[in-house]
There are 2 protein chains.
Amino acid sequence: MKKTIFIFGVLIIALLALFQLSQYSLISKNTSIEYIIGGIAIVFFFVGLYINKRKSSTNTITPSIEIDTKKIENLGLSKREYEVLCELAKGHSNKEIASLLFVSESTIKTHVSNVYTKLDVKRRTQAIQKAKELNILPNL
Amino acid sequence: MKKTIFIFGVLIIALLALFQLSQYSLISKNTSIEYIIGGIAIVFFFVGLYINKRKSSTNTITPSIEIDTKKIENLGLSKREYEVLCELAKGHSNKEIASLLFVSESTIKTHVSNVYTKLDVKRRTQAIQKAKELNILPNL
DNA sequence: ATAGTACTCATACGAAAGTACCAATTCGCT
DNA sequence: AGCGAATTGGTACTTTCGTATGAGTACTAT
């Protein structure tokens with residue numbers, strides 16, 4: 001947000017500077033007006049390109065980085081429950097997750113059940129679905 | 001491709017027209033030069049926006065449509081098996097899929113087992129994983 | 001006509017997954 | 001010190017999933 005405001009500020013200043021420049025040039029030498037117009041056209045063309053690229057890139061990159069933490073807290077998922085959810089989404093069985101996290105299968109079952117309750121789902125396949133919808137998962 | 005060439009042609013013509021317009025205006029009345037520059041700036045700003053939007057939209061939409069059919073055939077998945085796989089990926093249980101496709105749960109189990117064999121996986125969670133990696137699934 | 005493929009269904013068994021309790025330990029916070 | 005949340009683990013039971021095997025039907029291609 002702050003970045004956007006800063007960029008727009010810079011843009012506005014650049015815009016004003018360009019207008020001033022065009023006026024001065026107009027007074028001094030009348031023949032080069034086409035170049036100035038061309039320059040302005042090119043500058044704004046690239047401004048348009050740049051702004052759109054910024055927008056599209058923030059729309060595509062941010063969901064995998066930013067959205068994570070907030071929603072996890074909102075759902076009340078604890079650290080461990082989230083870890084289990086991640087392994088679960090990778091297609092591992094309870095037993096495999098237990099080995100990976102160095103705990104018993106019972107523990108994983110407990111965590112998994114809690115995850116289901118907090119995500120409001122009944123099966124692990126649905127949990128994966130929901131987690132992907134919420135952009136909670138690291139990969140992708 | 002043809003569309004792109006057409007659009008660029010139109011743009012170049014519009015550009016030339018704008019330059020001509022600016023020259024005429026320059027000769028007739030010298031005071032309105034700022035408006036012309038402003039107009040050109042705005043036009044090219046939107047041109048930049050438009051071109052980038054075209055590019056980004058074609059880049060993001062195409063991958064979800066094209067990749068499907070080929071890989072499904074390569075894997076040897078039949079129509080029915082693919083349908084089952086899709087419902088499976090939506091988080092449905094075998095019983096639910098059976099209801100949705102108006103067949104018995106036994107049939108679904110058979111299909112599901114065949115899908116596992118063809119995708120070379122052991123569990124339904126892994127099947128979902130693999131299907132997403134292969135861009136076989138409709139949504140997303 | 002026959003072989004092959006896809007689709008259907010059943011039975012039976014074993015392996016995961018899921019639910020419902022309960023309980024001990026650890027850790028941060030007041 | 002004590003409270004609450006998180007983590008861990010267990011038992012017992014039900015449900016779902018997955019595999020194996022066999023078998024009938026229908027459609028296609030040779």
Side-chain angles (χ1 to χ4, degrees), chain A residues 68-134 136-138, chain B residues 68-134 136-138:
Chain A
D68 274 14
T69 352
K70 304 166 193 171
K71 288 193 179 174
I72 295 168
E73 286 178 26
N74 285 9
L75 292 165
L77 284 175
S78 72
K79 245 179 299 177
R80 208 57 166 167
E81 284 163 357
Y82 176 66
E83 286 182 288
V84 171
L85 175 59
C86 290
E87 297 305 321
L88 191 150
K90 289 177 189 167
H92 293 127
S93 68
N94 288 343
K95 202 174 286 181
E96 286 171 343
I97 299 171
S99 300
L100 287 167
L101 302 183
F102 305 104
V103 292
S104 79
E105 199 184 337
S106 303
T107 308
I108 300 301
K109 281 189 179 184
T110 308
H111 288 318
V112 169
S113 268
N114 291 334
V115 170
Y116 293 165
T117 306
K118 290 175 182 178
L119 289 183
D120 190 31
V121 295
K122 288 284 173 195
R123 280 179 285 284
R124 58 176 44 212
T125 49
Q126 290 180 336
I128 295 172
Q129 276 277 112
K130 197 126 187 182
K132 292 212 174 187
E133 280 175 21
L134 296 169
I136 291 177
L137 301 175
Chain B
D68 275 14
T69 351
K70 304 166 193 170
K71 290 193 180 175
I72 295 169
E73 287 178 26
N74 284 9
L75 293 165
L77 285 174
S78 72
K79 245 179 299 174
R80 208 55 165 167
E81 284 164 357
Y82 176 65
E83 285 182 290
V84 171
L85 174 59
C86 289
E87 296 306 320
L88 191 150
K90 289 178 189 166
H92 294 127
S93 68
N94 288 343
K95 202 175 284 180
E96 286 171 342
I97 299 172
S99 299
L100 287 167
L101 301 183
F102 305 106
V103 293
S104 79
E105 198 185 338
S106 304
T107 307
I108 300 301
K109 281 189 180 183
T110 308
H111 287 318
V112 169
S113 267
N114 291 335
V115 169
Y116 292 165
T117 306
K118 290 176 183 178
L119 289 183
D120 189 30
V121 296
K122 288 283 172 196
R123 281 179 284 283
R124 55 175 47 211
T125 49
Q126 290 180 336
I128 295 171
Q129 277 276 111
K130 198 125 187 184
K132 293 213 172 186
E133 281 175 19
L134 296 169
I136 290 177
L137 301 175

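First the proteins, then the strands, lettered A, B, ... as listed; each starts at 1.
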Undergrad: Side-chain donor-acceptor pair under 3.5 Å between B:S104 and B:T107, yes or no?
TA: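 Indeed, the side chains of B:S104 and B:T107 share at least one donor-acceptor pair under 3.5 Å.
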Undergrad: Could you go over nucleotides 28-30 of chain C and give all protein N or O partners under 3.5 Å, atom names and distances?
TA:
none

Undergrad: Using the C1' atoms of five pairs at each end, what's the angle between the two axes of the helix from C:dA1-D:dT30 to C:dT30-D:dA1, to 10 degrees?
TA: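 Axis-to-axis angle, ends of the helix: 50°.
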Undergrad: Excluding sequence neighbours, so at least two apart, what forms salt bridge (Lys or Arg N to Asp or Glu O under 4.0 Å) with A:E83?
TA: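 Salt bridge (Lys or Arg N to Asp or Glu O under 4.0 Å) check on A:E83 returns A:R80.
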Undergrad: Within the 4.0 Å limit for protein heavy atoms, which parts of nucleotides 3-19 of chain D are touched? Write it as a string from 5' to 3', B for base, S for sugar-phosphate only, - for none.
TA: ---SSBBBB----SBBB
Undergrad: Please report the shortest heavy-atom distance between A:G91 and B:R123, naming the atom on each side.
TA: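 Smallest interatomic distance, heavy atoms only, reads O-NE, 3.3 Å.
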Undergrad: Kindly compute the distance separating CD1 (B:I72) from NZ (B:K79), expressed to the nearest 0.5 Å.
TA: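 The distance works out to 12.5 Å.
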Undergrad: Once side chain to side chain contact (heavy atoms under 4.5 Å, CB included) is applied, do any residues pair with A:E87, and if so which ones, sequence neighbours excluded?
TA: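 With neighbours one apart ignored, the set is A:K90, A:H92, A:I97, A:L100.
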Undergrad: Looking at residues at least two apart in the chain, or sitting in another chain, which of them share a salt bridge (Lys or Arg N to Asp or Glu O under 4.0 Å) with A:K118?
TA: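 By the salt bridge (Lys or Arg N to Asp or Glu O under 4.0 Å) rule, A:K118 matches A:E81.
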Undergrad: Locate the shortest heavy-atom distance separating A:A89 from A:L137; write the atom from each residue and the value.
TA: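 Between these two residues, the closest heavy atoms are CB-CD1, 3.7 Å.
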Undergrad: Does A:D120, at its CG atom, have more than 12 non-hydrogen atoms belonging to other residues, nucleotides or ligands within less than 6.0 Å?
TA: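 No, not enclosed.
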Undergrad: Side chain of B:Y82, backbone of B:I136: donor and acceptor closer than 3.5 Å?
TA: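 Flag set: sc B:Y82 to bb B:I136 pair under 3.5 Å.
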Undergrad: How close do B:Y116 and B:R124 get, heavy atom to heavy atom, and via which atoms?
TA: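 Closest pair (atom of B:Y116, atom of B:R124, distance): OH-CB, 2.9 Å.
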